[in-house]
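Report on the structure given below.
Naming: A, B, ... by sequence-line order, numbering from 1 per chain.
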There are 2 protein chains.
Amino acid sequence: MTTRETIIDTADHLIRSNGFNAFSFKDISNKIGIKTASIHYHFPTKSDLGVATIKEHIERFEYLKKEFENKSPLQKLNGFLSIYSQIKSENKVCLVGSLATDLNTVEDSIKNELKNFAELVLLWVTEILTEGKKQKMFEFQTTPRTKALMIITNILAIVQLSRLTQAEDFDIVKEAIIKDLRPHI
Amino acid sequence: MTTRETIIDTADHLIRSNGFNAFSFKDISNKIGIKTASIHYHFPTKSDLGVATIKEHIERFEYLKKEFENKSPLQKLNGFLSIYSQIKSENKVCLVGSLATDLNTVEDSIKNELKNFAELVLLWVTEILTEGKKQKMFEFQTTPRTKALMIITNILAIVQLSRLTQAEDFDIVKEAIIKDLRPHI
DNA sequence: GTCTATATTCCGATAGAC
DNA sequence: GTCTATCGGAATATAGAC
């Protein structure tokens, strides 16, 4: 991994663990053994680093989509939800949730890149649901896009909320999402 | 309103607009025309102010519960969801969502008070759903507590997510929550 | 590319006068 | 209760040597 990639990975960890405004170049410096001035060589400003972190997520997301290309809608949805299981197990939150709550404090470059990412996620889940309904694998009454909003908000927020209620609530909600789509099972 | 109350109200606004780590005593100082040293007289530390802000929300929540005591489950649920309509119209997020994403960076005093608040909210929505099912006003398959988790996560996260997708998505999700509970309508 | 050194600004918090 | 003044520390960012 290049230094640039290591910086992005560390920033990603810190943003989703502590929030954008709570992490500093010094944190990264301490973690990976490089001076803050050197981080500025790779990313002139903190916003540049923020944008690069979102772009990294977009790339990983596109890769995941490709991996599931020929799988069933149920497998795809489980693949999507598993991203959040990983996040939960690391006691983090997702990038969209972390930055959305800080949205009024970040530069437009970050805001716009995050909008791109959120749109990609919403589109994919909408596609999965459309395909699943067509194959009679999923049942739901709303439009696929609305159902995608319901599912994404469920999983995005239970990562946050189960920090306060009970950790098991994450799996309870994850399973309820699937069960709701497959009442015939 | 006392100075103390004005400080809490301003802190509440700033926490939900910008996040706990992005707001400062200087922000409050500028907004209400009092020096930061005077804020420290009322709240020795920033954490003390954070805790007081959550306690204020708990009080307001208990008051709202009382107001809806003799209303129908549907009216109660609409009352609950309307809190978020207000939040959305102010371009803020809810206190639980804002602090949950910053949870790893705040002191235990804040963490514990926020857990109390989240538990209260979850209990009330669970009660509303239990009552609504008993009266055959609501239909759902899971336990009332699980359904409460689904609804709370929907509304908590669509406030955040609709900042990135489309503002109208908030109302779409809010209406879908009600429609899902009342498929016979 | 990475370093040292530093500029500038802001933060939470405290002491003590009024 | 509110003020002035200040401390100690941390933040983002830059200049320039290596």
Side-chain angles (χ1 to χ4, degrees), chain A residues 1-54 56 98-99 101-111 113-114, chain B residues 1-54 56 98-99 101-111 113-114:
Chain A
M1 201 153 44
T2 64
T3 301
R4 186 192 147 88
E5 285 167 339
T6 307
I7 294 169
I8 291 176
D9 262 28
T10 311
D12 172 47
H13 162 71
L14 290 166
I15 291 171
R16 292 189 297 114
S17 289
N18 300 339
F20 188 76
N21 291 309
F23 99 89
S24 71
F25 279 38
K26 193 84 183 82
D27 293 331
I28 299 179
S29 166
N30 292 337
K31 280 224 175 198
I32 68 177
I34 191 176
K35 298 295 168 182
T36 61
S38 307
I39 302 172
H40 280 284
Y41 167 79
H42 296 280
F43 305 97
T45 71
K46 192 177 178 180
S47 292
D48 292 327
L49 176 52
V51 170
T53 304
I54 302 169
E56 172 69 23
S98 175
L99 290 174
T101 59
D102 293 335
L103 207 71
N104 290 335
T105 73
V106 300
E107 285 184 9
D108 282 349
S109 57
I110 291 181
K111 208 179 294 194
E113 199 63 48
L114 193 66
Chain B
M1 201 153 44
T2 65
T3 301
R4 186 192 146 88
E5 286 167 339
T6 308
I7 293 169
I8 291 176
D9 263 27
T10 312
D12 172 46
H13 161 72
L14 289 166
I15 291 170
R16 294 189 296 115
S17 287
N18 300 339
F20 188 77
N21 292 308
F23 99 88
S24 70
F25 280 37
K26 193 85 184 83
D27 293 331
I28 298 179
S29 167
N30 292 336
K31 279 224 174 199
I32 69 178
I34 191 176
K35 297 297 167 181
T36 61
S38 308
I39 302 172
H40 279 285
Y41 167 80
H42 296 279
F43 306 97
T45 69
K46 192 178 178 180
S47 293
D48 293 327
L49 177 52
V51 170
T53 304
I54 302 169
E56 172 69 24
S98 176
L99 290 175
T101 59
D102 292 336
L103 207 71
N104 291 335
T105 73
V106 301
E107 284 184 9
D108 282 348
S109 56
I110 292 181
K111 208 180 293 195
E113 200 62 48
L114 193 66

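T45(A) and D48(A) are linked by a side-chain donor-acceptor pair at a separation below 3.5 angstrom, with hydrogens and angles left out of the test. A donor-acceptor contact closer than 3.5 angstrom is absent between the side chains of S109(A) and S47(A).
In this structure, H40(B) does not reach the dT2(D) phosphate: none of its side-chain N or O atoms is under 4.0 Å from OP1 or OP2. The shortest distance between the side-chain N/O atoms of T3(A) and the OP1/OP2 oxygens of dT2(C) is below 4.0 Å. A sub-4.0 Å separation between OP1 or OP2 of dA11(D) and a side-chain N or O of S24(A) is present.
Listed candidates were dG1(D), dT12(D), dG12(C). Nearest to the side chain of Y41(B) is dG1(D). Set against dG1(D), dA13(D), dC3(D), the side chain of S38(B) has dC3(D) as its closest nucleotide. Taking only side-chain atoms of A37(A), from C-beta outward, the nucleotide of dA15(D), dT2(C), dT2(D) with the closest atom is dA15(D). For T45(B), the side-chain atoms get nearest to dA13(C) when compared with the rest of dA13(D), dG1(D), dA13(C). For K35(A), the listed nucleotide lying nearest its side chain is dT4(C); candidates were dT2(C), dT4(C), dA13(D).
Distance, K46(B) NZ to dA10(D) P: 15 Å, rounded to whole Å. Taking atom CG on L49(B) and atom P on dC11(C), their separation rounds to 14 Å, with Å as the unit. Taking atom CD1 of I28(B) as the reference point, atom C1' of dT2(D) lies 16 Å away to the nearest angstrom. One can place CZ of F25(B) at 15 Å from C1' of dT2(D), the figure rounded to the nearest angstrom. Rounded to whole Å, the distance from CD1 on I110(B) to P on dG12(C) is 12 Å. Regarding N18(B), its CG atom lies at a distance of 12 Å from the P atom of dC11(C), rounded to whole Å. As a whole-Å value, the separation of N30(B) CG from dC11(C) C1' is 13 Å. Between I7(A) atom CD1 and dG1(C) atom P there is a gap of 11 Å when expressed in whole angstrom units.
Using a 4.0 Å heavy-atom cutoff across all strands shown, F43(B) reaches no nucleic acid atom at all.
Of all the heavy atoms in I8(B) and T53(B), the pair that sits closest is CG2-CA, 4.0 Å.
In this structure, F23(A) and F25(A) have parallel ring planes: the angle between them is below the 30° cut-off, well short of the 60° mark.
Atom CG of D102(A) is separated from atom CG of D102(B) by 6.0 Å, given to the nearest 0.5 angstrom.
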